[in-house]
Amino acid sequence: MTDSTTTPPRARFAPSPTGYFHVGSARAALDNWLFVRQHGGTFVLRIEDTDEARNRPEWTDGIISALDWLGMAPDEGPYFQSAQGDAHSAAIEALWESGALYACACTREEIDERTRQRAAAGDPTPGYDGFCRDLGLPRGDGRALRFRTPDEGVVDVHDLVRGDVEFPQRALEDFICVKGNGKALFVLANAVDDRTMAISHVIRGEDQLPTTPRQIMLWGALNRAEGVDLPLPAYAHLPLLVNEQGKKLSKRRDPVAVEMYRAQGFLPDAFRNYLALLGWSPGDEEIVPVAVILERFRLEDVQRSPAFFDVKKLSHMNGVYVRALSVDDFVAACRPWVDPVPGEWVPGAWADPDTGAPVVSPPAWPPERYDAGVFAALAEVVQERVTMLSEVPELVDFLFLADAPDDPDSWQKAIAGDEGAPQILADALAAYEACAWDKDALHEVTLGIAESVGRKLGKAQAPIRVAVLGRTRGLPLFDSLAVLGRDETCRRLAAALARVTPAP
RNA sequence: GGCCCCAUCGUCUAGAGGCCUAGGACACCACCCUCUCAAGGUGGCGACACGGGUUCGAAUCCCGUUGGGGCUGCCA
């Protein structure tokens with residue numbers, strides 16, 4: 001095992017660019033990053049892009065920008081696995097020369113058929129039966145190369161989170177590690193790259209655990225074939241992130257795109273904090289600055305059972321982080337949602353892969369009506385009412401729209417369906433035209449109206465709220481009116497009044 | 001089917017044999033606060049999968065059962 005107390009570790013995050021950045025990947029990246037930061041090591045990013053059919057360059061860009069957003073930019077890389085062909089070929093040559101590999105001409109159908117026959121004969125062992133193992137077939141002709149797995153013995157994986165895991169070699173089939181086209185398969189390419197990049201710690205998802213004994217065998221065979229003695233990396237397999245059904249998070253059916261969470265207005269610190277809590281606990285408190293996580297995180301303490309990715313808890317944490325922002329920082333953080341800058345990152349850029357629709361719409365008001373100073377004046381009361389930044393525009397749209405937002409349900413409930421509403425609106429219009437214009441005065445005056453019509457303030461303010469702000473729920477009324485201004489407030493009151501009491 | 005992993009409130013977790021009448025957080029419920037909505041405060045509901053051992057003593061150690069999950073591709 002690598003002595004990490006004397007040699008700074010080198011850990012790698014090795015995603016394949018086949019889609020949006022998966023939250024499970026983000027967690028793996030985080031644990032690598034934390035480990036490396038704690039030990040003064042190097043965080044290497046390696047893009048495993050050898051699946052030409054599925055990978056696309058924009059997914060690589062997505063990985064890089066997501067890591068950047070989360071404050072976990074790599075120290076080294078990105079390296080591209082596709083650029084490591086020479087190293088892969090050299091490894092394949094050495095392995096072949098040493099006799100660790102043999103060519104196999106079996107087709108999938110032939111293998112399956114023989115498996116069926118074995119099963120019928122009472123032998124339940126699945127997988128490849130070693131048919132070509134001693135045939136001495138030459139390479140070429142599109143033949144894949146298999147690794148000759150020992151029939152007896154045990155591969156012991158020393159796992160930093162799980163302890164020793166033993167795999168009996170007789171259960172490990174002769175697996176393919178070179179494709180028929182001569183290219184290395186994942187299991188080999190991954191191990192070879194770890195060797196050439198001098199990786200000391202492999203920290204990845206538990207789904208990779210079953211492939212680890214193969215990589216350990218390959219590592220030993222490579223050492224023998226190349227006449228070197230590279231130390232095996234230390235392995236750590238993190239628990240899977242699962243959905244409500246306890247199944248591994250899937251790109252198809254679960255909301256796993258980090259880009260989507262970013263678009264919805266989750267803060268990177270909150271997101272990272274939540275991710276750290278999946279399978280691990282900082283102790284007394286769970287909402288903690290990254291410095292504390294950095295101080296306390298230990299791979300040995302990572303939970304071994306899967307963790308459910310709970311958006312509700314994430315949302316709660318995000319709300320706490322949002323409220324902890326200074327007003328200035330909050331205003332700045334809201335910019336992409338309330339006043340998107342052309343050419344810069346905008347939330348609407350992320351579209352749902354299934355529907356193609358953006359998860360976040362651009363602001364409802366035209367850009368020229370937006371006023372940063374006006375927004376800032378209400379920012380404090382906005383801040384404590386949102387959990388995600390994408391909720392901000394709807395709270396402040398009344399400030400920047402030409403008229404009160406039109407929400408039929410609210411109108412029906414508070415004005416059309418309330419016979420006392422016209423009176424209240426008329427009283428408010430009269431009073432607001434004359435009173436002092438600040439939130440306390442407005443509060444006072446409105447309270448007077450409420451008393452005069454025999455209602456509690458809570459009930460009396462509803463028609464005014466809907467007439468001016470458009471909805472029954474929203475920001476505190478008097479703060480809002482104070483910022484909107486007397487003229488516009490009165491204009492909207494008059495408009496609402498005209499709408500409920502049509503001229504005879 | 002085979003191999004491997006896992007098992008504390010609905011969820012994330014604390015718990016390294018006595019500090020456990022099992023703690024916290026999210027969610028949920030109630031109440032308080034209150035100009036709506038939030039936020040905040042107080043309280044409540046709620047778990048050691050089961051069965052055997054080991055031990056004076058087990059959520060913690062061992063075995064088994066059950067349940068869940070992962071892998072089982074010439075994808076990564």
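Every chain is numbered from 1, with letters handed out A, B, ... down the list of sequences. The shown structure was predicted, so the numbers you read here are calculated from the model rather than taken from an experiment.
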Residues that A:His88 engages under ring-ring contact (aromatic ring centres under 6.0 Å, His included), provided they are two or more places apart: none
Distance test, side-chain N/O of A:Thr50 to OP1/OP2 of B:A76, below 4.0 Å: yes
Which whole-number value in Å describes the distance from A:Glu384 CD to B:U34 C1'? 12 Å
Residue met sooner reading RNA chain B from 5', once A:Glu166 and A:Asn181 are mapped to nucleotides: A:Glu166
Between the side chains of A:Arg195 and A:Asn190, does any donor sit under 3.5 Å from an acceptor? no
Which residues pass the ring-ring contact (aromatic ring centres under 6.0 Å, His included) test with A:Phe309, sequence neighbours left out? A:Tyr261, A:Tyr274
Taking the P atom in each of B:U60 and B:G70, what is the distance between them to the nearest angstrom? 27 Å
Heavy-atom closest contact (A:Trp411 atom, A:Val500 atom, distance): CZ2-CG1, 3.8 Å
Let me know the distance between CG of A:Leu278 and P of B:C12, rounded to the nearest Å. 8 Å
Kindly indicate whether the side chain of A:Arg162 and the base of B:C5 share any N or O donor-acceptor pair separated by less than 3.5 Å? no
Could you work out the separation of B:G68 and B:C26 based on their P atoms and round it to a whole Å? 31 Å
Please identify each residue that fulfils ring-ring contact (aromatic ring centres under 6.0 Å, His included) with A:Tyr235, with sequence neighbours left out. none
Look at all strands and tell whether A:His443 reaches a base, only sugar-phosphate, or nothing, counting heavy atoms closer than 4.0 Å. base
Tell me which pairs pass side-chain hydrogen bond (donor to acceptor under 3.5 Å, both in side chains) where either residue lies in residues 379-391 of chain A, with sequence neighbours left out. A:Thr387-A:Glu391
Considering heavy-atom distances to RNA chain B, does A:Ala105 or A:Leu457 have its closest nucleotide positioned more toward the 5' end? A:Leu457
Taking only the side-chain heavy atoms of A:Phe478 (C-beta and beyond), determine which of B:C35, B:C5, B:C75 contains the nearest atom. B:C35
I'd like to know whether NZ of A:Lys251 has more than 12 heavy-atom contacts from other residues, nucleotides or ligands below 6.0 angstrom. yes
Side-chain donor-acceptor contact under 3.5 Å, A:Asn55 with A:Thr18: no
Qualifying residues under salt bridge (Lys or Arg N to Asp or Glu O under 4.0 Å), relative to A:Arg455, sequence neighbours excluded: A:Asp418
Please state the C1' separation for the pair B:C19 and B:A59 - nearest whole angstrom. 14 Å
How far does the P atom of B:A47 sit from the matching atom of B:G24, given to the nearest Å? 14 Å
Selection from B:A76, B:U36, B:U13 that lies nearest to any side-chain heavy atom of A:Arg385: B:U36
Residue set satisfying salt bridge (Lys or Arg N to Asp or Glu O under 4.0 Å) with A:Glu93, at least two apart, ordered chain then number -> A:Arg139
Please give the distance between the C1' atoms of B:A27 and B:G64 as a whole number of Å. 36 Å
Would you mind classifying the nucleic acid contact of A:Gly205 as base, sugar-phosphate or nothing, using non-hydrogen atoms under 4.0 angstrom? nothing
Show me the pairs that pass side-chain hydrogen bond (donor to acceptor under 3.5 Å, both in side chains) and involve residues 297-309 of chain A, at least two apart or across chains. none
Going by heavy atoms closer than 4.0 Å, what residues in residues 300-308 of chain A are next to RNA chain B? A:Gln303, A:Arg304, A:Ser305, A:Pro306, A:Ala307, A:Phe308
It should be established whether A:Arg465 places a side-chain nitrogen or oxygen under 4.0 Å from OP1 or OP2 of nucleotide B:C35. no
Distances under 3.5 Å between nitrogen or oxygen atoms of protein and nucleotides 27-31 of chain B:
none

Touch check for A:Glu286, heavy atoms < 4.0 angstrom, all strands: base, sugar-phosphate only, or nothing? base
Evaluate the side chain to side chain donor-acceptor pair (under 3.5 Å) criterion for residues A:Tyr432 and A:Thr446: first the C-alpha distance (whole Å), next the side-chain angles of each, then the deciding distance (0.1 Å), finally the verdict. CA-CA 9 Å; A:Tyr432 290 176; A:Thr446 312; 2.8 Å; yes
Using the P atom as the point on both nucleotides, what is the distance between B:C20 and B:A39, in whole Å? 32 Å
Using a cut-off of 4.0 Å on non-hydrogen atoms, how would the nucleic acid contact of A:Leu172 be classed: base, sugar-phosphate, or nothing? nothing
Rounded to whole angstrom, note down the P distance from B:A25 over to B:G43. 11 Å
Span that lies between the C1' atom of B:A76 and that of B:G18, in whole angstrom: 49 Å
Could you tell me whether A:Lys413 atom NZ has more than 12 heavy atoms of other residues or ligands within 6.0 Å of it? no
Hey, are A:Ser326 and A:Asp329 close enough side-chain-wise for a donor-acceptor pair under 3.5 Å? yes
Whole angstrom is fine here: how far is it from CZ in A:Arg473 over to P in B:A39? 11 Å
Just checking A:Pro168: base, sugar-phosphate only, or nothing, at a heavy-atom cut-off of under 4.0 Å? sugar-phosphate
Can you tell me if A:Arg323 touches the phosphate of B:A38, counting only side-chain N or O atoms and a distance under 4.0 Å to OP1 or OP2? no
If you look at every strand shown and take non-hydrogen atoms under 4.0 Å, does A:Leu277 touch a base, only sugar-phosphate, or nothing? sugar-phosphate
Can you list, in residue-number order, the parts of residues 242-257 of chain A that come under 4.0 Å of RNA chain B, counting heavy atoms only? A:Gly246, A:Lys247, A:Lys248
Between the protein and nucleotides 44-50 of chain B, which nitrogen or oxygen pairs come in under 3.5 angstrom?
none

Any residue meeting ring-ring contact (aromatic ring centres under 6.0 Å, His included) with A:Phe297, in chain and number order, not counting sequence neighbours: A:Trp280
Counting only heavy atoms from other residues, nucleotides and ligands, does the tally under 6.0 Å from CZ of A:Arg170 exceed 12? no
Touch check for A:Ser281, heavy atoms < 4.0 angstrom, all strands: base, sugar-phosphate only, or nothing? sugar-phosphate
